[in-house]
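Just so it is clear, the model here is predicted, and its values are computed rather than measured. We number each residue from 1, following the sequence as shown.
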Amino acid sequence: MKVLHVITGLGIGGAEQQLRLLLPHMDRVRGSVVTLTNPGPVADALRADGVPVAHLGMRGNRDLSALPRLTRLIRDGDFDVVHTHLYRACLYGRLAARLAGVRTVVATEHSLGAEGIEGRPLSAGARALYLAGERLGTSTVAVSDTVARRLVAWGVRPSRVTVVPNGVDAERFAFDPAARRAARRRLGLAPGAYVVGGVGRLVAGKRFDTLIRAVAALPGDPRLLLVGEGDQREPLERTARECGVADRVIWAGAVDRDLPGLLAAMDVFVSASADEAFGLAIVEALAAGLPVRYVACPALDDLPPGEAPGARRVGGTVPELVAALESVTRERLAVPAAVRRYDVRRGARRLMALYEHLHHGRPLHDGPPFPDGLHGRDDGPRRLHDGPHGLHDGLHDDLHDGASSR
C-alpha cells in the first residue's frame with residue numbers, strides 16, 4: 001500500500017517529529033512525504049531514514065498555485081492513501097487528493113486545543129473552513145480522547161473520528177547516568193545543581209514566562225533548562241533578565257537527537273501550558289524517569305488514576321508552580337504504565353489497520369468506550385486497540401508490495 005503524507009512544514013515540532021517517529025514502524029506501507037513549506041531538519045532526518053521527501057515550495061496560505069502542483073504529484077504517484085497533518089496541509093491535501101482521484105483520505109488532528117489551533121483562535125471562520133475541508137476526507141484521527149471530544153463539539157461527525165494516540169520510543173529516553181554527566185558538562189551545569197526543565201516551542205501558549213518567574217521565586221540557586229526555539233525567545237530572555245535569573249536560564253535551542261541527554265540532565269520537568277492536544281513532551285519526560293508537574297496534559301488526564309504516579313497536575317500561577325516545585329523529591333522514578341500505553345509501535349499498527357479498514361474494508365478492533373459515552377454508539381468515534389490476533393499481524397500479506405518506508 002502506497003501512502004503519501006502531506007504536512008505543512010518539517011521544522012522541529014511535535015507533529016513533524018511524530019511523523020518521523022511513526023514511519024519506520026509502518027513496515028508494511030510504502031510511505032512518502034511532501035511538505036508544503038520549510039523542508040527543515042525533520043526533512044533531512046526523514047531522507048536519512050530512507051523516506052522520499054518532496055518540497056512543494058508553497059509561498060503562503062493563499063498560494064493557490066500549490067493546489068494543481070500537489071494534485072499532479074498525488075496523481076503521478078498513484079497513491080492508495082493520502083494522510084494529511086496540520087491545518088494548512090489538511091485543507092490543501094484533502095482537496096488535492098480528491099481532485100487526483102484518491103478515495104482514502106485520512107487527516108490527523110494534532111493541535112486542536114480548547115482555545116486555539118496552531119496559534120489560531122477558534123473563530124467561526126476557522127471552524128467553518130476546517131469543517132469544509134474535513135468533509136472532503138474519509139476519516140479524522142484524533143491524537144487523544146480529549147481532541148476527539150473537541151472535534152465532535154466543533155461539528156465533526158463522531159463516526160468519522162478515530163482515536164490513535166501519539167507515540168513515544170520509551171527505550172530512547174531511558175535514563176542514562178553517563179548521558180546526564182555528559183550533558184551537564186556540556187551545558188556548564190554542576191553535578192549537584194538543581195535543574196528544572198521544560199521542552200517545547202518558545203511561543204506564548206507554552207507559558208515559559210510563567211515558568212521563568214516561578215524558578216526565580218524558588219529558594220536556593222536552581223537552574224532552568226529550556227529546550228526549544230520560537231518567536232518568543234527574545235521576550236523570554238528579557239523576562240529572565242527582569243527576574244534576575246538570566247545567568248541561571250540555559251537555552252538549549254531546538255534539538256532532536258540530543259533530547260534524551262538533556263532530559264537526563266534535568267531533575268524535574270514542568271509544563272506550564274494550559275492548553276494541549278496531547279502533551280508529548282510530558283510523556284517523554286516520564287519515559288526519562290523524571291518527576292513531572294503539569295498544568296494540562298490530555299495524554300495523562302484521559303487515563304485512569306494511578307497510571308503515572310510521578311506526575312502531578314498543578315495550578316498555573318507562579319505561586320502554585322513554586323509550591324509544586326518545592327515539594328518535589330530529587331530522585332529518578334520508574335517508568336510508569338502510562339508510557340507503555342503510548343508506545344509508538346502500537347500507534348503505527350493502529351494506523352496501518354485504519355488504512356486497511358478504509359481502503360479495503362477490513363475489520364477494526366474498537367477499543368473501550370469514552371468515559372462520557374461517545375464510544376460504543378454505532379456512530380461514535382473509535383479508539384483502536386490491539387485485537388485478539390494483533391492489528392499488525394492481522395494485516396494481509398498483499399501489503400508486501402515493495403520497499404518499506406525505511
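Judged purely by distance below 3.5 Å, without hydrogens or angles, the side chains of S32 and H5 never pair a donor atom with an acceptor atom.
Every residue meeting the side-chain contact (heavy atoms from CB on, under 4.5 Å) condition with L136, not counting sequence neighbours, appears here in chain and number order: R94, L95, R98. Remark: R238 pairs with no residue by the salt bridge (Lys or Arg N to Asp or Glu O under 4.0 Å) rule, at least two apart or across chains. With sequence neighbours excluded, no residue forms a ring pair (Phe, Tyr, Trp, His ring centres under 6.0 Å) with Y87. For R150, the side chain to side chain donor-acceptor pair (under 3.5 Å) test picks out no residue, with sequence neighbours left out. Scanning for salt bridge (Lys or Arg N to Asp or Glu O under 4.0 Å) contacts around D44 gives R47, with sequence neighbours left out. The salt bridge (Lys or Arg N to Asp or Glu O under 4.0 Å) check on E326 picks up nothing, with sequence neighbours excluded. Partners of D78 under the salt bridge (Lys or Arg N to Asp or Glu O under 4.0 Å) rule, at least two apart in sequence or in another chain, do not exist in this structure.
Closest heavy-atom contact between G315 and L321: O-CD2, 3.8 Å.
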Which atom pairs, one a donor and one an acceptor, fall under 3.5 Å between side chains of residues 277-284 and the rest of the protein, sequence neighbours left out?
none

Only pairs under 3.5 Å count here: list side-chain donor-acceptor contacts from residues 260-276, not counting sequence neighbours, and write none if there are none.
| from | atom 1 | to | atom 2 | distance (Å) |
| --- | --- | --- | --- | --- |
| D267 | OD1 | R180 | NH2 | 2.8 |
| D267 | OD2 | R184 | NH2 | 2.9 |
| D267 | OD2 | V195 | N | 2.8 |
| D267 | OD2 | R330 | NH2 | 3.4 |
| S273 | OG | D275 | N | 3.4 |
| S273 | OG | D275 | O | 3.3 |
| S273 | OG | E276 | OE2 | 2.9 |
| D275 | OD1 | A114 | N | 2.6 |
| D275 | OD2 | A114 | N | 3.1 |
| D275 | OD2 | E115 | N | 2.9 |
| E276 | OE1 | K206 | NZ | 3.4 |
| E276 | OE2 | K206 | NZ | 2.8 |

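The side-chain heavy atoms of L10 and L46, taken from C-beta on, include a pair separated by under 4.5 Å.
Listed by first then second residue, pairs satisfying salt bridge (charged side-chain N to carboxylate O under 4.0 Å, His left out) with a partner in residues 332-345 read D169-R345, E171-R345, E307-R341, D343-R345, not counting sequence neighbours. The salt bridge (charged side-chain N to carboxylate O under 4.0 Å, His left out) pairs that include a residue from residues 9-25 are R20-D49, R20-D256, where partners are two or more places apart or lie in different chains. Judged as a side-chain hydrogen bond (donor to acceptor under 3.5 Å, both in side chains), the pairs with a partner in residues 123-137 (not counting sequence neighbours) are, in order, E109-Y130, E134-T140, E134-R160.
For the pair T108 (side chain) and H110 (backbone), a donor-acceptor distance under 3.5 Å is absent. Looking at T239, its side chain never comes within 3.5 Å of a backbone N or O of D209 through a donor-acceptor pair.
Residue R120 qualifies as enclosed at atom CZ: its count of foreign heavy atoms under 6.0 Å is above 12.
Checked against the 6.0 Å centroid criterion, the rings of Y355 and H360 do not qualify as a close aromatic pair.
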